[in-house]
Amino acid sequence: MIEMKNVSKWYGPVQVLTDCSVSIKKGDVVVVCGPSGSGKSTLIKTVNALEPIQQGEITVDGTRVNAPSTDLPKLRSRVGMVFQHFELFPHLSVTENLTIAQIKVLGRSADEAKVRGLKMLDRVGLTAHKDKFPGQLSGGQQQRVAIARALSMDPIVMLFDEPTSALDPEMVGEVLDVMVGLAKEGMTMMVVTHEMGFARKVANRVIFIDVGGHILEDCGKDEFFSHPENRQPRTKDFLSKIL
Ligand code: ADP
Ligand code: MG
């Protein structure tokens with residue numbers, strides 16, 4: 001579903017991704033972890049070309065992300081993205097947040113978009129809040145709306161960039177529960193998170209990326225957690241700080 005081959009990226013003179021190769025199959029749930037500044041956000045943003053790359057190749061469901069002929073709006077409409085800070089439109093109601101891209105990008109009718117959006121809102125348990133504005137919701141609720149918004153586009157892949165790290169601790173669970181549900185239904189997911197409980201529960205792979213954008217580990221979940229003796233020293237050091 002996602003194939004990254006020897007991807008490198010620089011910001012000016014600074015290399016932030018170094019020869020990264022990742023292969024994600026349909027239904028995979030891949031957790032990406034690593035220290036602050038290691039390139040996790042940059043890595044997942046390259047998947048839908050929110051960040052350009054200077055070397056290597058990325059394909060999503062057979063579409064070459066970096067080919068000049070690629071229809072980026074179309075590609076992005078198939079790749080759902082959920083950010084740390086929700087990024088809802090503050091001046092639009094929850095329902096409008098759920099429908100606007102369906103109408104503008106997918107060309108759905110307002111009625112069709114509303115039916116789909118409200119179905120996804122129900123799935124994240126927020127039907128009662130459909131007419132509110134984002135500012136009237138808690139952080140956890142806003143993030144669940146952001147997930148519902150992404151799902152309304154019928155994505156083939158979902159990318160999450162630290163979706164719970166801006167939340168008060170008591171709201172982390174409600175967002176993770178939605179993500180666990182998605183994972184169990186077979187959604188292909190690439191999730192930047194330090195929530196190792198989530199990783200243990202539903203990930204099938206864990207990638208550890210170190211400063212400079214070096215992928216140091218890419219292994220099965222069981223191997224990652226059950227055989228700490230096989231981990232790289234940098235990974236052990238990182239895990240000792242977050243676990
Ligand atoms: P992470 O998500 O792992 O914390 P990022 O992908 O955000 O890391 O950043 C990786 C590196 O790239 C960091 O050194 C960061 O300072 C740098 N960086 C991120 N965005 C930009 C940018 N727009 N311009 C220049 N440097 C950037
Ligand atoms: Mg980041």
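Order of listing sets the numbers, starting from 1, for every ligand and every atom in it.
The single protein non-hydrogen atom nearest to atom 23 (N) of ligand 1 is Tyr11 CE2, 3.7 Å, given as residue, atom name and distance.
Residue Ile103 belongs to no hydrophobic cluster, having no ILVMFWY side-chain heavy atom closer than 4.5 Å to its own.
For Lys236, the NZ atom counts as densely surrounded, since its 6.0 Å shell holds more than 12 non-hydrogen atoms of other residues, nucleotides or ligands. The local environment of NZ in Lys201 is sparse, with at most 12 non-hydrogen atoms from other residues, nucleotides or ligands closer than 6.0 Å.
Of the inter-residue distances, the one linking His194 atom NE2 with Thr164 atom OG1 reads 10.0 Å to the nearest 0.5 angstrom.
By the 4.0 Å heavy-atom criterion, Pro35 is counted among the residues contacting ligand 1. In this structure, Ser36 is part of the shell of residues with a heavy atom less than 4.0 angstrom from ligand 1.
Of all atoms in ligand 1, listed by their number and element, those nearer than 4.0 Å to a heavy atom of Val16 are 11 (C), 12 (O).
Between Glu195 and Arg200 there is no salt bridge, since no side-chain N of the basic residue sits under 4.0 Å from a carboxylate O of the acidic one. Using a 4.0 Å cut-off between charged nitrogen and carboxylate oxygen, Glu223 and Arg231 count as a salt-bridge pair.
Ligand 1 has no N or O atom lying under 3.5 Å from any N or O atom of Glu51, backbone or side chain. Among the atoms of Gly39, some N or O lies under 3.5 angstrom from an N or O of ligand 1. Where the criterion is an N or O separation shorter than 3.5 Å, residue side chain and backbone included, Glu162 fails it with respect to ligand 1.
Among the backbone and side-chain atoms of Ser36, none of the N, O or S atoms lies under 2.8 Å from the Mg ion (ligand 2).
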